[in-house]
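Below, read A as the first sequence line, B as the second, and so on, with proteins coming before strands; counting in each chain starts at 1. Fair warning: this is a prediction, and the values are worked out from it, not measured in the lab.
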2 protein chains.
Amino acid sequence: MSKKMDLRVKRTRKLINEAFLKLIQQKGFDSVTIQDIAEEALINRGTFYLHYEDKYDLLEKISRSAIDELTSVLNPVLHVKEHEVQIEKLRTTIEKVYESMEKNQVFYTVMFGEHGVYNFRNNLEEVIRENFSKKMIELGVRPEDFEIPKDLILHFISAAFVGVVQWWLKQSTKPSSQEMAMKLSKIITAGPMQAAGLKIEKQL
Amino acid sequence: MSKKMDLRVKRTRKLINEAFLKLIQQKGFDSVTIQDIAEEALINRGTFYLHYEDKYDLLEKISRSAIDELTSVLNPVLHVKEHEVQIEKLRTTIEKVYESMEKNQVFYTVMFGEHGVYNFRNNLEEVIRENFSKKMIELGVRPEDFEIPKDLILHFISAAFVGVVQWWLKQSTKPSSQEMAMKLSKIITAGPMQAAGLKIEKQL
DNA sequence: GACACTTTGTTAATTAATCAACATTTTGTC
DNA sequence: GACAAAATGTTGATTAATTAACAAAGTGTC
């Protein structure tokens, strides 16, 4: 990004994005028209086409942006050094994840909402699994080394992750990213039962 | 308004107004700079000067607009026909008042807020009194006809009116304009004690 | 299927806003 | 009071957005 974006471009896109998410929340993606967006954003309809091809393009770009940002901080391999989890780094990652959630809060709230885009939750979980899977391959981690099938672990993690994000989005008073990092790192390293304070019976 | 206002003008003013009120709420009128407004509104600073002279001009125009709208629906004389209050018309007026409040909700909330403009409450009460007083003169109402001094009545009404508006602004779930009209017309015609359900001892 | 209405995608001329820059004024600190 | 930094008010060249209009496509109703 060698040149600074003209303020009008930046502003117009912001207005379009905000109008779009608001309208999705109100009436669902399918019912939203370009005219609706233009009216809500107080822009000329023709202006929309200077920035986006159609509403599908807009959705793609908004989603890409939010999810790219999320996956850029979801870097699991850094937490593992010689098969050992590094707590501090794990905590930092979770904190960044929730900072990203805060930043794109409206997007995720709308997408998970009642008029949100079809199957958004599953798609997000899939993205997370692919991201983790790809990173493992890059670093030569071998699934045979796991006691539990890799796929099972990935499904567990991605579903749990998204489940907790949905919980967080629904809180009227949201825990800070630091609080979430503290709590989740405990759950991840000790398992949910121990993190809740229960003792696990010793296995012979 | 023979010609339609260019959408850009409309939008730019809206963005400026919103940014301004937000900043007043955050840091108080005195601390707000034009640069602050431009940044918050995502406009070029020079653009501000295409629309307003300075922040005092902006405040004047925003206030004028909200208060003009309020006084345009505050027309007490229409409720009185041959010294008799017409309940239905009174209720309609109150309803319109609260519609105006809803429309300019952010403005009034900020102005009445902790960083709001100095003495806003008193100024608003004064405006209301003048408006009522002027209308009475136009229609030849004679203060001598009142059993209670005119000034006292005006102060009672204006203070009570503003007090209730402040109450309404603070409600997280606000009564609709219809509900407010129902309740307030009862208070006004029967007095606060009877409207609350108490019986008044008969005076000999 | 016929038809009316709505929405879309596009175009050229016009216009409000941006950018960069500057001199001046104001504010804050010592 | 001296000085640096921040804010103001302004200017001309450039640019993104608006307007008005049109043909075509899509939607809803009978």
Side-chain angles (χ1 to χ4, degrees), chain A residues 1-65 110 115-118, chain B residues 1-65 110 115-118:
Chain A
M1 194 169 80
S2 56
K3 203 146 175 225
K4 193 189 161 191
M5 187 191 296
D6 185 288
L7 197 52
R8 286 170 294 188
V9 175
K10 184 181 179 185
R11 185 178 67 235
T12 299
R13 288 180 185 168
K14 181 172 183 282
L15 290 172
I16 290 173
N17 291 355
E18 286 171 355
F20 186 52
L21 289 176
K22 186 175 177 182
L23 288 163
I24 291 179
Q25 191 157 38
Q26 286 175 0
K27 52 199 301 199
F29 177 78
D30 288 342
S31 301
V32 176
T33 66
I34 308 300
Q35 185 59 36
D36 289 335
I37 295 168
E39 282 168 12
E40 179 65 40
L42 281 183
I43 62 163
N44 183 277
R45 187 165 57 77
T47 304
F48 179 90
Y49 295 100
L50 295 175
H51 296 268
Y52 302 103
E53 216 174 285
D54 52 30
K55 69 177 186 180
Y56 304 94
D57 181 42
L58 173 55
L59 179 64
E60 169 74 30
K61 288 188 162 72
I62 292 188
S63 302
R64 167 75 43 71
S65 171
V110 172
H115 292 136
V117 174
Y118 176 67
Chain B
M1 193 168 79
S2 56
K3 204 148 173 222
K4 193 188 160 192
M5 187 191 294
D6 185 289
L7 197 53
R8 286 170 295 189
V9 175
K10 185 181 180 186
R11 183 178 69 236
T12 300
R13 288 180 185 169
K14 181 174 184 281
L15 291 173
I16 290 173
N17 292 355
E18 287 171 354
F20 186 52
L21 290 175
K22 185 174 176 184
L23 288 163
I24 292 179
Q25 192 157 39
Q26 285 174 1
K27 54 199 301 197
F29 177 78
D30 289 341
S31 301
V32 176
T33 66
I34 308 300
Q35 184 59 37
D36 288 337
I37 296 167
E39 281 168 13
E40 179 64 40
L42 282 182
I43 62 163
N44 183 278
R45 186 165 56 77
T47 304
F48 179 89
Y49 296 99
L50 294 175
H51 296 268
Y52 302 102
E53 214 175 287
D54 51 32
K55 71 176 184 180
Y56 305 92
D57 181 42
L58 172 57
L59 179 65
E60 169 75 32
K61 287 189 161 71
I62 292 189
S63 302
R64 166 77 44 72
S65 171
V110 173
H115 292 136
V117 174
Y118 175 68

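- Note on A:E18 versus A:K14: salt bridge recorded, some NZ/NE/NH1/NH2 to OD/OE distance being below 4.0 Å.
- Here C:dT27 presents its C1' atom at 15 Å from CD1 of B:I34, a figure rounded to the nearest Å.
- Nearest heavy-atom pair, A:Q25 versus A:H115, reported as atom, atom and distance to 0.1 Å: O-ND1, 2.8 Å.
- With a 6.0 Å cutoff to the six-membered ring centre and a 45° limit on the axis angle, A:K55 counts as a cation-pi contact of A:F29.
- Residue B:N44 is in base contact, counting any heavy-atom pair closer than 4.0 Å across all strands shown.
- Between A:H51 and D:dA16, a side-chain N or O to OP1/OP2 separation shorter than 4.0 Å is absent.
- Under 3.5 Å, the side chains of B:D36 and B:T33 contain a donor-acceptor pair of N or O atoms.
- Rounded to whole angstrom, the span from the OH atom of A:Y52 across to the P atom of C:dT8 amounts to 16 Å.
- Whole-Å rounding puts the A:E53 CD to C:dT8 C1' distance at 13 Å.
- To the nearest angstrom, P of C:dA16 lies 14 Å from NZ of B:K4.
- If you check every strand for non-hydrogen atoms under 4.0 Å, B:L42 touches sugar and phosphate atoms only.
- Rounded to an integer number of Å, the gap from CG of A:D6 to C1' of C:dT18 is 6 Å.
- Between B:T47 and C:dA16, a side-chain N or O to OP1/OP2 separation shorter than 4.0 Å is absent.
- Neither OP1 nor OP2 of D:dT18 sits under 4.0 Å from any side-chain N or O of A:R45.
- Comparing A:F48 and B:T33 by the nucleotide of DNA chain D whose heavy atom lies nearest to each, the residue mapping closer to the 5' end is B:T33.
- Positionally, the nearest nucleotide of DNA chain C for A:G46 lies more toward the 5' end than for the other of A:G46 and A:L7.
- In this structure, the OH atom of B:Y49 is 4 Å from the P atom of D:dG9, given to the nearest Å.
- Side chain A:R8 to base D:dA17: no donor-acceptor pair is found below 3.5 Å.
- Rounded to an integer number of Å, the gap from A:R13 CZ to D:dA17 C1' is 13 Å.
- Looking at heavy atoms from C-beta onward, A:L15 lies out of side-chain contact with B:L42 at the 4.5 angstrom threshold.
- A straight line from CG of B:L50 to C1' of C:dC19 spans 13 Å, rounded to a whole angstrom.
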